[in-house]
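Read through the structure below, which is laid out as structure tokens, and then see the notes.
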Amino acid sequence: MAKIITHLEIPVKKQIFFYEVQMQTFDENYFIQKIEEGIKSENNFNYKTNVKGFMTSWQFFNEDKEFHNILTNLFVAINLKKSCSYQLKESWGLKCVQGSSTEFHDHLQTAASGVFYLTDSTTPIIFPQLEKEIFPEKGKILFFDSTLLHGTKVIKEGIKYAIAFNLESIKSWER
């Protein structure tokens, strides 16, 4: 038989991070072409996840050197501390067309998340906890704490291409 000694269910404030960064030069056509290939492959996740649109497999960009360059430039721009080590866990491409949306969700199973926009969109990504809406623009990267809830409303016009990603933290004893 077990005896409960303490039971707490209370909200705890937590420091989070959120970056909005504009990348200067990159070949968006390279990434868009790869996404088009990925959403046509057998292992795609089209309309099967929180992305109610076209989506590649979860690790589609994990080994892509061009995407690694984008992440490296991001980490330099935000001056990511050496004491904070991350490893790319997942990186997938998405294509959202008229009628597509992204259900509100978080990425609690990871340490950090982000999205790299390849095109502009008139439909913002919404972060309710931050009371913030951000309109996707070509080259914009959002890098944020994975506990943040985010999603979009239905796209009414245009096509949005992006690469979303999750990072997991590497503990000093795992290096």
Side-chain angles (χ1 to χ4, degrees), residues 14-23 26 28 30-32 34-35 37-39 41 43-96 100-119 121 123-130 132-134 136-152 160-175:
K14 176 188 177 219
Q15 182 86 15
I16 61 100
F17 64 90
F18 182 92
Y19 292 93
E20 182 177 2
V21 177
Q22 184 67 46
M23 301 307 270
F26 66 96
E28 74 273 9
Y30 167 81
F31 292 114
I32 290 171
K34 289 213 45 153
I35 290 170
E37 292 169 13
I39 63 177
S41 72
N43 63 349
N44 71 59
F45 282 97
N46 297 341
Y47 294 89
K48 296 177 187 171
T49 69
N50 291 318
V51 175
K52 301 309 175 198
F54 299 102
M55 186 179 139
T56 67
S57 64
W58 291 112
Q59 285 82 25
F60 192 77
F61 284 98
N62 278 17
E63 303 301 322
D64 189 280
K65 294 197 183 319
E66 293 300 317
F67 184 61
H68 286 212
N69 288 338
I70 297 293
L71 291 179
T72 298
N73 288 332
L74 167 67
F75 296 149
V76 167
I78 65 174
N79 195 21
L80 191 66
K81 297 177 180 79
K82 298 285 185 204
S83 61
C84 186
S85 295
Y86 290 116
Q87 171 177 295
L88 185 61
K89 180 178 182 186
E90 301 156 328
S91 54
W92 61 98
L94 56 101
K95 175 185 179 182
C96 294
S100 298
S101 65
T102 302
E103 293 178 355
F104 284 86
H105 64 286
D106 55 41
H107 297 259
L108 290 177
Q109 75 282 10
T110 62
S113 299
V115 60
F116 173 44
Y117 292 108
L118 305 171
T119 57
S121 177
T123 304
I125 184 171
I126 302 166
F127 291 88
Q129 295 147 302
L130 302 178
K132 195 160 185 62
E133 292 186 1
I134 298 175
E137 296 175 18
K138 176 184 160 188
K140 185 176 282 186
I141 297 181
L142 305 179
F143 181 60
F144 51 91
D145 192 288
S146 62
T147 62
L148 288 174
L149 192 66
H150 57 284
T152 70
K160 176 179 70 179
Y161 284 95
I163 300 172
F165 57 94
N166 287 322
L167 305 175
E168 55 190 1
S169 61
I170 302 172
K171 311 292 187 255
S172 59
W173 57 86
E174 296 175 330
R175 291 183 207 158

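Only a predicted model underlies this, so the values are computations on that prediction, with no experimental measurement involved.
- Under the side chain to side chain donor-acceptor pair (under 3.5 Å) criterion, Gln87 pairs with Glu168, not counting sequence neighbours.
- Not counting sequence neighbours, the partners of Phe45 by the ring pair (Phe, Tyr, Trp, His ring centres under 6.0 Å) test are Trp58.
- In terms of heavy-atom proximity, Trp92 sits nearest to Ser57 at CB-O, 3.3 Å.
- Under the side chain to side chain donor-acceptor pair (under 3.5 Å) criterion, Ser91 pairs with Asn62, not counting sequence neighbours.
- Under the side chain to side chain donor-acceptor pair (under 3.5 Å) criterion, Glu28 pairs with Lys138, sequence neighbours left out.
- A side-chain donor-acceptor contact under 3.5 Å links Ser113 and Asn166.
- Across all their heavy atoms, Leu149 and Gln129 have their closest contact at N-OE1, 2.6 Å.
- Remark: His105 engages His107, His150 in a ring pair (Phe, Tyr, Trp, His ring centres under 6.0 Å) (not counting sequence neighbours).
- Summarising the geometry, atom OG1 belonging to Thr110 is positioned 7.0 Å from atom CD belonging to Glu90; distances are rounded to the nearest 0.5 Å.
- Below 30°, between 30° and 60°, or above 60°: for Phe143 and Phe165 the angle between ring planes is below 30°, a parallel geometry.
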Any chance you could lay out the side chain to side chain contact (heavy atoms under 4.5 Å, CB included) test for Phe26 and Leu118, step after step, and finish with the verdict? CA-CA 9 Å; Phe26 66 96; Leu118 305 171; 3.8 Å; yes

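- The side chain to side chain donor-acceptor pair (under 3.5 Å) search around Lys89 returns none, not counting sequence neighbours.
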